[in-house]
Structures are given as structure tokens and as C-alpha cells.
Amino acid sequence: MDKLYIVVGTILTLLFIYTTALGLEFGNLYGGMVARPTGPGSHYYHK
Amino acid sequence: VRNRSSLIYLDNRYYKIFNSGKARVEYVIGEFYWRVAINSEVEMIDYIDPPNMLSMEKDGKEVVWSMSEYITPEEVAKAFRPPGKMPYPVGISPTQPAKEKKIHDRLMLLLAIFWGIVTCAQIYLAGTALNDTALEYSEFFVPNTKKADITTPVFNLKKDMSNVAINFSAPVNNSWFWAGGELVNNDTGATYPFENSVEYYYGSDSDGPWTEGGTTSRHTISGVPGGKYYINVDTESGAFTDTMPRQYTLTVQRNVPTYGGYFWTCFFLTWIPIAGWIRMRQVEVERWSNSDYSPYAAQTGSSSSSWGD
């Protein structure tokens, strides 16, 4: 299991360094869409 | 020896209490290093720290401590050369070293190394990010209406490949502003669509004053090649109390630091060590199922199972 982890961990680490250096971020390759605002939602917080 | 009843400290190692009770000699066979007497009785306690066991025996006259160390069935067979095959090991003995523990320890060390590398890389990459403002553009909008297709001046994005942050700032006040559009490469025509919404609300209710949102918003587009670009924007707004024109600001930043990849990588790096920890725990639960002092008593439920090598 530890040998498998050396392989998987190395791939993940290199992938992270490579993609971050190129400004690639998972889930953010496109600008993405947001719904038109409709007013205050349920996520407000109290001071 | 430092005795804290359930824990014994000896030679930089902690031994946990595993079993205790009274032992009585009923019959004797074999060879012993002390004089054995039928019906002699002692109080005994076993403490373990695999592969070692520390045992205490106490009778009316003396207290005897002894140390034992686990040896494999192969070593026993080699020493005694019994006729036929040795019995096949069943379960895990109190002092049997678990390879799962070694694997778990190695996985935790590797996890610390990987986390260290990833964290150093993140600090370096975030610290050396250009954070370059490629465009700052202001435009008027009429509240509560749509405004179609404004094109910004052409601007330059540095670096071969990096991310782009598109920021909007608008004077919203219990109202909202929305912008949708696309980042367009002036040479190739490649487009990167985006949408941003700016909302800021405040008020007061039975719990007191509250606020929601802010007057700025950011959207980051990943993996945009360098070159000349412009932006087409549609805007819309609502909930304003008047229709006096207001100004919004669009700012484009090149190569901004991001943190999502760092947190996801750290998260995925933990999966295999967690699996290793679960496997090690299963072995320890099995080992301690033979003890009256199991720290996993709630999981094992019973201490009556048998073990042996």
C-alpha cells in the first residue's frame, strides 16, 4: 500500500505543481454561469 | 518501571495493560527456570507493547516481573523441530507485530512529505504570481434596465498560459448588478464566457441587523493563453430605488494566486493514509478483542474470543 501511495502521491503532487504553474484550476476552466440575482437569499449573516 | 496501573513506562516504552487475573498451577509438563508447585497461585498482570510483553506475578512472598518478546511460528519450528506441521496461526496474538502498523507509519511519513512539498509549491507559486492588472474599464449603466454588448478596448495578457480574474465593482445598495459576457482572443477569436453578479443587501430583523454580499465580485477563468484580448459585456440590474445612471468598473487581472487546487490536492493525498489507518485499526481491534481492557471495547463487544499462534 505504501508503494502504491508513493506512485499516487507523486503523480498528484506533480499534477498540482504543473497545473498551478499554468494557472489551471479544476472546475474553473470556463468562466461558469450564475443565475440572475433575485434579491436577498438565505445566506445572509448577522453582525 | 513507572506504574500507573493501566500503563507501565520502561526503557522509553509504554506498556498497556492487556490482561489480569489469578493463575493456579494444576499440572506441569516440560522444563522451568523456577521451582513449580502444584496448586501454587499468583496474581498476574500482562502489559503489552508489541512485540514485547511485560508480565507481573505476585504471590504472598514476592513480586516477579518478566519480559517476553514475540517470535514467529517459523522461529519456534526451527528451534524445536516438532514432528509434522506447526498449527496454523489463528487471529493475532497480543504481542504480534502488525505489518499494518508499519505501513500506516510509513504512509503518515509520506503524507507529511507530500503535504510539505505541495505547501512549499503553493507558497512559491502564490508568492511569485504576477497579479498583473491588464485592464481597468469603467462604464455607466442605467439601474433596473438591460444594457447590451459593450466592447472594451483590446488589452494584453502576459505569460504563455495562466488564469484571468474578471472583477466587477458596482454601487449596489439593497439592489443587484449582473454582468455576462466573454473574453475574446483578438487574434484567434477563441472565447471564454463568464457571468458575474454583484449584490449587497442589509436590513434588520428580530435577530438584529444583517448584511449579505458586497459591492464587488470576482470570477477566475483558468488556462487562458497569453495574447491580445477584449471583452464583450451585457449588463442588467434591479431593485434600485431610482434610475439615475451609475458607474460600474471592470478590472481584468492576469495570473492571480489560486488556492482551490492546493486544498483539493491535500484532500486527495489523505485518502490512501486514511485507508491504511482503517486497516491498522481493524488489526488492533482484533488484537484487543482478547483483552478485558480493550480501548475498542464498544466496537468489539466481547472479550471471550480466543487467540493463538
Side-chain angles (χ1 to χ4, degrees), chain A, chain B residues 103 106-107 110-111 113-114 117-118 121-122 125 159-164 166 174 176-178 180 182-183 192-199 201-203 205 207-213 219-224 236 238-239 255-256 258 260-262 264-265 268-269 271-273 275-276 279:
Chain A
M1 193 184 245
D2 48 342
K3 289 187 180 71
L4 170 73
Y5 188 52
I6 289 172
V7 174
V8 173
T10 304
I11 290 171
L12 274 173
T13 303
L14 292 177
L15 198 63
F16 162 74
I17 294 170
Y18 176 74
T19 54
T20 307
L22 289 183
L24 298 166
E25 196 175 24
F26 179 75
N28 219 2
L29 291 174
Y30 299 96
M33 301 296 149
V34 295
R36 294 285 202 284
T38 54
S42 57
H43 301 293
Y44 61 80
Y45 60 90
H46 296 270
K47 280 183 179 175
Chain B
I103 290 172
R106 279 203 293 267
L107 287 176
L110 287 167
L111 175 64
I113 291 169
F114 285 133
I117 294 171
V118 167
Q122 174 67 26
L125 292 168
K159 285 193 86 170
D160 288 343
M161 177 76 86
S162 188
N163 60 24
V164 173
I166 295 174
N174 272 332
W176 56 266
F177 173 85
W178 174 91
E182 56 206 5
L183 176 69
Y192 301 85
F194 65 86
E195 291 188 20
N196 279 35
S197 73
V198 185
E199 299 175 75
Y201 303 102
Y202 60 87
D205 59 18
D207 292 331
W210 57 267
T211 61
E212 177 187 345
H219 212 114
T220 307
I221 305 173
S222 294
V224 180
E236 194 177 336
N255 190 211
V256 295
T258 55
Y262 171 70
W264 280 114
T265 305
F268 288 130
L269 280 171
W271 284 19
I272 290 178
R279 183 71 196 108

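Throughout, protein chains are lettered first and strands after them, A, B, ... in sequence-line order, and every chain is numbered starting at 1.
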Open item on the list: Could you measure the distance from the CG atom of Asp160(B) to the CG atom of Leu22(A)? Nearest 0.5 Å is fine.
Closed with: 9.0 Å
Task: Top contributor to chain A interface from Val224(B), Leu111(B), Ile166(B) [non-hydrogen pairs under 4.5 Å] - done: Leu111(B)
Task: Atom pair CZ/OG1 of Phe268(B) and Thr13(A) - distance to nearest 0.5 Å - done: 13.0 Å
Open item on the list: What part of Glu182(B) gets within 4.5 angstrom of chain A, counting heavy atoms only: side chain, backbone, both, or neither?
Closed with: neither
Open item on the list: Can you tell me how far apart CG (Leu12(A)) and CH2 (Trp271(B)) are? Round to the nearest 0.5 Å.
Closed with: 10.0 Å
Task: Atom group of Leu15(A) that falls short of 4.5 Å from chain B, counting heavy atoms - done: neither
Task: For the student: nearest non-hydrogen atoms of Asp2(A) and Ile103(B), plus distance - done: N-CG2, 4.4 Å
Task: Heavy-atom proximity to chain A below 4.5 Å, by part of Leu269(B) - done: both
Task: Pick from Gly276(B), Pro273(B), Gly203(B) with the largest number of heavy-atom pairs that fall under 4.5 Å of chain A - done: Pro273(B)
Open item on the list: Under 4.5 Å from any heavy atom of chain A, what part of Tyr202(B) do you find: side chain, backbone, both or neither?
Closed with: neither
TODO: Quick one: pull up CD1 in Ile6(A) and CD1 in Ile113(B) and give me the separation to the nearest 0.5 Å.
DONE: 8.5 Å
Open item on the list: Counting only non-hydrogen atoms closer than 4.5 Å, does Leu183(B) touch chain A with its backbone (N, CA, C, O), its side chain (CB onward), both, or neither?
Closed with: neither
Task: Euclidean distance, Gln122(B) CD relative to Phe16(A) CZ, rounded to 0.5 Å - done: 4.5 Å
- [ ] Output the distance between atom OG1 (Thr10(A)) and atom CD1 (Ile117(B)), rounded to the nearest 0.5 Å.
- [x] 7.5 Å
